[in-house]
Amino acid sequence: MQNNAVGFEVRKFYFSMSLTRTTVVGERSEVDAFSQTGENEGSEQSKGAREGVVNTKVVCRVCKNFYRDPKILPCLHTFCTECIRQLEPFSLSSVKEMSSQLSSNLGDQTSMTILCPECDSEVDLPPAGVDGLTTDHLALDEVFLETMLSENCELVCDLCNEGDAEKRCAVCNVNLCEFCCQAHRRQKKTSSHLVQHLQDLKAQGRLSRPVLCPLHPGEELRLFCDPCDLALCRECAVAGHRDHQCGYARDVVHRHGDRIRQLLRCVHPRLRQLEEALRTVERSQDALQARAEGVAREVERFCAEYVRAVEAHCQTLLGQVEAVRAQRRAQLHLQRAQLEQALADARTGVDFTERLLTCGTEVEILSAKGVVARRLATLAEDSRYPNLTFTVDDGNLSFLPQERAGEVGAYPVFGVIHAKTVDPSKCVIQGEGLQRGREGQRGEFMLVCRDSSGELMGKGGEAVLVSIVHKDKKDCVMESTVVDNGDGSYSVSYTPREPGPYSVWVCVKAQHVKGSPFVLVVRKKFRRHRGTFHCCSFCSSGGMKEARCGCGGSMPGGYHGCGHGHKGHPGKPHWSCCGSVLEGSECMGRGDTPGSPRSRLRTVEL
C-alpha cells in the first residue's frame, strides 16, 4: 500500500508539472546537448574558449581539452568518455550476469580492468562498460561556468537561439535574452521564478544546471530510488520503478549525505597522517638534497685539488723525461762525433794505402811502407774505441704508471720514470742453491739486477737466460724456472735428476752476470740410517750374540757385535748400520736391503 501511495504521489506530481514542461522544458532541447557533452554545439566560441584556461577542473588530463561527457572512475578521477574508451585494458575477465529485463536470459559479458592515467591504480569498469560509469556533473558545471566566464564566448538564448543571453532563470536553469525574459515573467507558471543577471552569476563563480535523464531527453532527474540506489526522472519512475520506494532527491539527500560525511570524517585522520608523512618525506628530501649538494661540493673541491696535484706531478715527470732525453742525446752526439772522426781516419788510411798499392811503383811502395804499416796498425788497434758496437736501448726509458711516486700536496700520486739500464757486470747471484744441490730436491738461488752505478733496477722485464748442463754428460740438461719478481730480482729454481757437477750459465741480455758461469755440485740422494744409534751392540740387543754393528767391532765369547772397550769399538755412540758417530749424518753403509739377514742382524729391535 505504501508503494502504491508513493506511486500515486509521483504521478500527481508529474501531472502538475506537465504544463511547465510543455512551455519551458520543451524549449530546452538546445540546452540538453550542453548538459550531456559539456559544450554547446551551436556555439563556435565555446570550442576556442579552452585556449588560455587557468581552471584545471575543466580540462581532461588525457586529451587536454574541455570535458566531453566526463565519467568518474572508482578512484574518483574524471576523464572524457572517449578518452577512457581509448585506454588499453589492463586485464579482462568473463563474467555472467542476469539480464535486467529478462531474468531467464543469461548473457556473457566481459569485465575490464584499466589503469587510471592519473594515479596508475587498477580500476574495474562496470559490466556495462564505460557507459556504466557515473557522470561527473560537477565537471560539467565547471565547464559551463568557464564557458560563461570566457571573454571570447557569447551565450545565446536557450529559448529562441537568436538573441544574446543576458539573464538566467534559477528555477528552469535556462539562459534568456531580454525579450524571452519578459515573456518568461508574463507566463503564469514562470512569473514567480527567480531571474538573475549573468554578470552577477559570473561574479559568484558557481552555476547550477539541470541534471537531465540520459534515457528521456528533456526530463530532469529529481527522484531517487532507494532499492536501486539510482537517481530517476518521473518517466523512469513510472515506467520501471512503479513499485519501488522512491522519493524526492531533496528529501533523501540528507540521509545519504550524512553517511558520506561520516565516511569523510573517518578519512580525515588518514588524510592528516598522509600529509604529515608527506611533510616528513619532503623534509627528508630537503635534507638529502642539502647533504648531497654539500658532498658534491666536497667532491668537486677534492677533485680540483687532486687534479692540480696530478698536473704538478705530470710536469715533474715531463721534466724528468726531458732531462733524460737531453742527457742521452748528448751522449749519442758525442758517440757520433767520435765515430765520424774514427771513420774519417780509417777512410783516409784506407784510401791512401789503396792508392799507394795501385798507383805507386815498387820503390814508392817500399819507401812508404813503414809509415803506412804503422798507421794501419794504429787504426786496427785504436784503444780509443775498444768496442765499436753502440746499441741504443729504448726500453731503459719507460713510464711505470702503477708505481707509487709519493705525495704532492698531501695527495698520493702514481707513476714514475724509469731510466736505468741494467749492467750485467753489476748483477749478483745469491742464495743457498749456488754451490751444492741434492739429487731429487728442489734448489733455488736469486739473481739481483743492478745498473752501472750499482743501484737496484727496481723493475723487472729483463731478458734473463739460465742454462744448467752436466759437465760430464753434455746431453744431461737440467730444467730451470725463472720467475720475475717485478722489483729487479729473479728467482731461479731447479730440481736435479742425476748427481754430479753441473755448469751453470746466468746471462742478462746475452751477457754473463757477475760470477757466471759457476759449478754446481749435486750430491746423491740423502740416505737415511736404517739401524740404531746406540752405545754398543751388546747393550742395544740385550746381550744377543747374533747382533752385529756397522763399526766392525766384536767381543770374545762368540759375540758378533761390538761392546764397550772391546776390539773395533769407536769409543762413543754410533749408528749400528754404518758405524757413523754423527747422529744427524747420512748413512754411509753398503745399502743392505731391508729384511735381509744382514740388515736384521744390524737392526735388532730392543
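Every value quoted in this text rests on a predicted model; they were computed, and no experiment measured them. We count residues from 1, following the sequence as given.
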- Message: Checking E546 against S541 for the side-chain contact (heavy atoms from CB on, under 4.5 Å) test, could you report, in this order, the C-alpha distance in whole Å, the side-chain angles of both residues, the deciding distance, and whether it holds?
- Response: CA-CA 9 Å; E546 296 82 1; S541 64; over 6 Å; no

Donor-acceptor check, side chain of [X] to backbone of [Y], threshold 3.5 angstrom: yes or no?
X: H560; Y: M544; answer: no
X: D487; Y: S489; answer: yes
X: H313; Y: G406; answer: no
X: Y502; Y: P496; answer: no
X: H470; Y: D472; answer: yes
X: R438; Y: K524; answer: yes

Roughly how far, to the nearest 0.5 Å, is the [atom2] atom of [Y] from the [atom1] atom of [X]?
X: F518; Y: I468; atom1: CZ; atom2: CD1; result: 7.0 Å
X: C562; Y: K567; atom1: SG; atom2: NZ; result: 13.5 Å
X: M457; Y: D423; atom1: CE; atom2: CG; result: 10.0 Å
X: K57; Y: T78; atom1: NZ; atom2: OG1; result: 11.5 Å

Please check if atom [atom1] in [X] has more than 12 non-hydrogen atoms from other residues, nucleotides or ligands closer than 6.0 Å.
X: R336; atom1: CZ; value: no
X: R270; atom1: CZ; value: no
X: R325; atom1: CZ; value: yes
X: E340; atom1: CD; value: yes
X: R404; atom1: CZ; value: yes
X: E275; atom1: CD; value: yes
X: E276; atom1: CD; value: yes

- Query: Angle class for the Y494/F445 ring planes (parallel below 30°, perpendicular above 60°, tilted otherwise)?
  - Reply: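 It falls in the tilted class, 30° to 60°.
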
- Message: Please verify the inter-ring angle class for Y559 with F538; under 30° counts as parallel, over 60° as perpendicular, anything in between as tilted.
- Response: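 Rings of Y559 and F538: perpendicular, over 60°.
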
- Among pairs that include at least one residue of residues 285-295, which meet salt bridge (charged side-chain N to carboxylate O under 4.0 Å, His left out), considering only residues two or more places apart or in two chains?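 Checked against salt bridge (charged side-chain N to carboxylate O under 4.0 Å, His left out) - neighbours excluded - no pair reaches residues 285-295.
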
- Taking all non-hydrogen atoms of both residues into account, name the closest pair between P89 and M112 and its distance.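 Looking at all heavy atoms of both residues, the closest pair is CB-SD, 3.3 Å.
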
- Can you see which heavy atom on S503 is nearest to which on K471, and at what distance?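 What the structure gives for the nearest pair is N-CG, 3.7 Å.
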
- Message: Within the structure provided, determine whether P573 and E583 are in side-chain contact (heavy-atom separation under 4.5 Å).
- Response: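 Not touching, per the 4.5 Å side-chain cut-off.
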
- Evaluate the side-chain contact (heavy atoms from CB on, under 4.5 Å) criterion for residues Q86 and V62: first the C-alpha distance (whole Å), next the side-chain angles of each, then the deciding distance (0.1 Å), finally the verdict. CA-CA 10 Å; Q86 295 175 3; V62 177; 5.7 Å; no

- Query: Any chance the side chains of R283 and T280 put a donor and an acceptor closer than 3.5 Å?
  - Reply: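 Their side chains do contain a donor-acceptor pair, which is all the 3.5 Å distance test asks for.
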
- Task: Classify the side-chain pair D451/T421 by whether it contains a donor and acceptor separated by less than 3.5 Å.
- Result: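 Not at all, the side chains of D451 and T421 share no donor-acceptor pair under 3.5 Å.
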
- Message: Working note: C63 + F79, criterion side-chain contact (heavy atoms from CB on, under 4.5 Å); need CA distance, chi angles, decisive distance, verdict.
- Response: CA-CA 9 Å; C63 63; F79 304 96; over 6 Å; no

- Item | side-chain contact (heavy atoms from CB on, under 4.5 Å) evaluation trace for V466 with W505 | CA-CA 6 Å; V466 177; W505 289 21; over 6 Å; no

- Steps toward salt bridge (Lys or Arg N to Asp or Glu O under 4.0 Å) verdict (R85, E82): CA-CA 5 Å; R85 294 185 196 276; E82 290 302 322; 3.4 Å; yes

